[in-house]
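A short write-up of the structure that comes next.
Bear in mind that the values here come from a model prediction, so they are computed numbers and not experimental data. In what follows, chains carry the letters A, B, and so on, assigned in the order in which the sequence lines appear, proteins first and then strands, with residues in each chain numbered from 1.
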Number of protein chains: 2
Amino acid sequence: MSKSVITIYDIARSLGISPSTVSRALKDDSIISIETRKKVKQTAREMGYQPNSIASSLRNKKTLTIGVITHRIDRHFQSNAISGIQDKAHEHGYNIIICQTNDDPTRELKQFQALFSSRIDGLISQLSMYTRDYEHFNLFLENDIPVVLFDRVPRDLDVQKVVSDDVAGGYKATEHLILQGCRRIAHFTGALSLNIYEDRLKGYKAALEKYQIPFDPELVHEFYLNTDNSWEVARKVLKDKKNRPDSIFAANDTSAIASIQVAKELGIGVPSELAVVGYANDPSGLIVSPTLSTVDQSSYRMGQIATELLLKQIDSNKPGRNRPHRTKVLPVELIIRESSSRRLP
Amino acid sequence: MSKSVITIYDIARSLGISPSTVSRALKDDSIISIETRKKVKQTAREMGYQPNSIASSLRNKKTLTIGVITHRIDRHFQSNAISGIQDKAHEHGYNIIICQTNDDPTRELKQFQALFSSRIDGLISQLSMYTRDYEHFNLFLENDIPVVLFDRVPRDLDVQKVVSDDVAGGYKATEHLILQGCRRIAHFTGALSLNIYEDRLKGYKAALEKYQIPFDPELVHEFYLNTDNSWEVARKVLKDKKNRPDSIFAANDTSAIASIQVAKELGIGVPSELAVVGYANDPSGLIVSPTLSTVDQSSYRMGQIATELLLKQIDSNKPGRNRPHRTKVLPVELIIRESSSRRLP
DNA sequence: TTGAAAGCGATACCAT
DNA sequence: ATGGTATCGCTTTCAA
């Protein structure tokens, strides 16, 4: 920083009044005469004054900043949620600091500490893939700093949570495939230790049961759902002519799209011979051909709601505001496109 | 913030020593006895001390924070650049604050001011689409806070810049199409007031000239390159049988992909009847069928380099460090995929 | 209506 | 090797 930055002392000196008056005038304190207020603001503008929020935060013990931690910012779901958070935060005069961990536990811990050191007023976070211990959350919880988790949440940590209705999502996707005439529905899922995948599987099972289709564990494939792995698993599954499924419900769109591409490669018709439904409504679902049926999670809204809950906690300025907690569950919507539409509308 | 947060005073009291000693011990100042250092760090750990970087920043006039402003964080190019920035920044002990403007000038101005108020040590920014006046940059420049711009940069603003070689990109893409036998090459471009589009067009023209193909302004279509507009323009262009181009060089991948989809819709073979090359190497280029040829800009590297340049300015602690400036130009790479491969390899 | 002064937490100069 | 103290810029209580 340069020394030439203007402070309220400079304004005060220039007007021959005290810094206190300047401070009050700048925030339109009605106790200061309208005239003085006008003069101060005018001078501030002329001198190019910009408040030092570091100083103000130190004094106020309030930074008007919300920290956001996620593993990646470049996925549709995350970036949309972040937009929701940002919009809602700005609406209430809060800024946000976005941190991405790249699913690296070391970096994640550093980010938590850095945000704590920055004395953020609250934290919104999505769990990273491999977070096993929640020690770093205690940093915030023990110091009574509000935390809201979204999407991926640990069942056993008592914090405010916002999730989407993954059971319903799994159910809707699976039921839709059944209604299209599918009977051997494969399910590609991520780590079942994560609530989101566990719940989607639950929904899948529930739909099967409802339509009296026996659950076959052989049809469930659990792996890290990136493109490479999905290609590999899809190839294995679809090449096995004898046991080949008639459809795939994938727990994310990356994996569903890879499945479609493998089917094409193997000359398997989609949706005629293989119907596919993904999850998360990524824009690339509209690029793949046939277009991908998927489940939309209204991620923008999720970000907004997480922020509302957080701000409510921040405002309720009592110790112990961090509890009790309810988990807020948002509805999902099945979006039917070509990849699963055997009967055209 | 809660009152129970531990400060160095708490540690000092608990050990019966002075805060100054604690402060020094915590940063491993060799002037403090090894014993004391050990004791202090131990106690700090036990008490759950986390430094207050607000206080430290105020005192040091240094926040160890870099601000990053971009219009959107969810595009491949931006999020990759941000990753590069983040990695390089962390390497040097800096944190980053990411802000997205959504191309909204009001929000953009607010973000600039908020970052300035946060007394960031430096700023890395991509221009937003419609930034016409650079007044807000002056806030930083006048106060001698280093700024590095990347990708979209104004020609007439004297700051450090990092761009990719868009002229070369345009040239390589166009030359490739010519070598595939194309002669009527349409060009879809964004606002030509932006350096990136202007340069890609320049490269396009240069390639035509090199191969003695007359430049036809009718083949250049300037519009905001989102999906909807691209569909519309592509339809218009491809439906005009008489003047239909034999290829399209689109200045971004969104537009190129839309063109491929329109061609499919109209029964025009890609690449046989229409070759297509995009720009930016978005992952969705691998999802569209045929896969998209495109120009890679090594965005991650761009983020890293921008950060290196910024840190260098920050470290060179003299006034006027903000100049003189050279523009750093990064090479691009043409990636040939199916959408433009008439002769298979 | 305005001003003086203490204090937020960490740091570094000056003493000892 | 350690301690006392002023300071960063802003806010707010108390006094005038």
**Prompt:** To the nearest angstrom, how far is A:Tyr49 atom OH from D:dG9 atom P?
**Reply:** 10 Å

**Message:** Rounding to an integer number of Å, can you tell me how far A:Ile54 CD1 sits from C:dA10 C1'?
**Reply:** 13 Å

Do any N or O atoms of the protein come closer than 3.5 Å to N or O atoms of nucleotides 6-8 of chain C, and which pairs are they?
| from | atom 1 | to | atom 2 | distance (Å) |
| --- | --- | --- | --- | --- |
| C:dG7 | N2 | A:Arg59 | NH1 | 3.2 |
| C:dC8 | O2 | A:Arg59 | N | 3.3 |

**Item:** Pair B:Ser56, B:Ser53: side-chain N/O donor-acceptor within cut-off below 3.5 Å
**Value:** no

**Request:** Measure from CG on B:Asp29 to P on D:dG3 and round the result to the nearest Å.
**Result:** 14 Å

**Distance, rounded to the nearest Å, where A:Ile6 contributes CD1 and D:dC8 contributes C1'** = 16 Å

**Prompt:** Of the nucleotides C:dA10, D:dG3, D:dA1, which has the atom closest to the B:Ser20 side chain?
**Reply:** D:dG3

**Sugar-phosphate only, base, or nothing, as touched by B:Ser56 at under 4.0 Å among non-hydrogen atoms** = sugar-phosphate

**Message:** Tell me the interatomic distance from B:Leu26, atom CG, to C:dG9, atom P, rounded to whole angstroms.
**Reply:** 15 Å

**Message:** Let's go through A:Thr70 and A:Gln126 carefully: what are the C-alpha distance in whole Å and the side-chain angles of both, what is the deciding distance for side-chain hydrogen bond (donor to acceptor under 3.5 Å, both in side chains) to 0.1 Å, and is it a yes or a no?
**Reply:** CA-CA 5 Å; A:Thr70 175; A:Gln126 189 188 28; 2.8 Å; yes

**Prompt:** In terms of side-chain heavy atoms, does B:Arg75 have a donor or acceptor partner in B:Gln78 at a distance below 3.5 Å?
**Reply:** no

**Asked** Just wondering, do A:Tyr300 and A:Ile305 contact through their side chains at under 4.5 Å, heavy atoms?
**Response** no

**Message:** Between A:Tyr49 and A:Asp10, do the side chains contain a donor N or O and an acceptor N or O under 3.5 Å apart?
**Reply:** no

**NZ/NE/NH1/NH2 to OD/OE distance under 4.0 Å, B:Arg37 and B:Asp29** = no

Taking only distance into account, with no hydrogens and no angle test, what donor-acceptor pairs under 3.5 Å do side-chain atoms of residues 19-27 of chain B form with protein atoms, sequence neighbours excluded?
| from | atom 1 | to | atom 2 | distance (Å) |
| --- | --- | --- | --- | --- |
| B:Ser20 | OG | B:Ser18 | OG | 3.4 |
| B:Thr21 | OG1 | B:Ser18 | OG | 3.1 |

**Item:** Side chains of A:Phe150 and A:Ile124 in contact at under 4.5 Å (non-hydrogen atoms)
**Value:** yes

**Message:** Can you tell whether the side chains of A:Asp87 and B:Arg107 come within less than 4.0 Å, N to carboxylate O?
**Reply:** yes

**Message:** I need the residues from residues 32-45 of chain B with at least one non-hydrogen atom less than 4.0 Å from DNA chain C; give them sorted by number, or say none.
**Reply:** none

**Prompt:** So do A:Thr36 and A:Val40 actually touch side chain to side chain, heavy atoms under 4.5 Å?
**Reply:** yes

**Prompt:** Pick the nucleotide of DNA chain D nearest each of B:Thr21 and A:Pro19; which residue has the one closer to the 5' end?
**Reply:** B:Thr21

Restricting both atoms to N or O, compile the protein contacts to nucleotides 14-16 of chain C shorter than 3.5 Å, with distance only.
none

**Message:** Under a 3.5 Å threshold, yes or no: a donor from one side chain and an acceptor from the other, between A:Gln42 and A:Arg45?
**Reply:** yes

**Message:** Does either side chain, that of A:Gln100 or that of A:His71, offer a donor lying less than 3.5 Å from an acceptor on the other one?
**Reply:** no

**Prompt:** Over how many whole Å does the gap from B:Arg119 atom CZ to D:dC10 atom P extend?
**Reply:** 7 Å

**Item:** Side-chain donor/acceptor of B:Ser83 to backbone N/O of B:Ser79, under 3.5 Å
**Value:** yes

**Terminal axis angle for the helix from C:dT1-D:dA16 to C:dT16-D:dA1, five pairs an end, nearest 10 degrees** = 40°

**Asked** Between A:Glu91 and A:Lys88, is there a salt bridge with N-O shorter than 4.0 Å?
**Response** yes

**Message:** If you take any heavy atom closer than 4.0 Å to DNA chain D, which residues from residues 10-18 of chain A end up in contact?
**Reply:** none

**Asked** Is it true that B:Asp74 and A:Arg72 have a side-chain N and a carboxylate O under 4.0 angstrom from each other?
**Response** no

**Item:** 4.5 Å side-chain heavy-atom contact, B:Met47 and B:Ile11
**Value:** yes

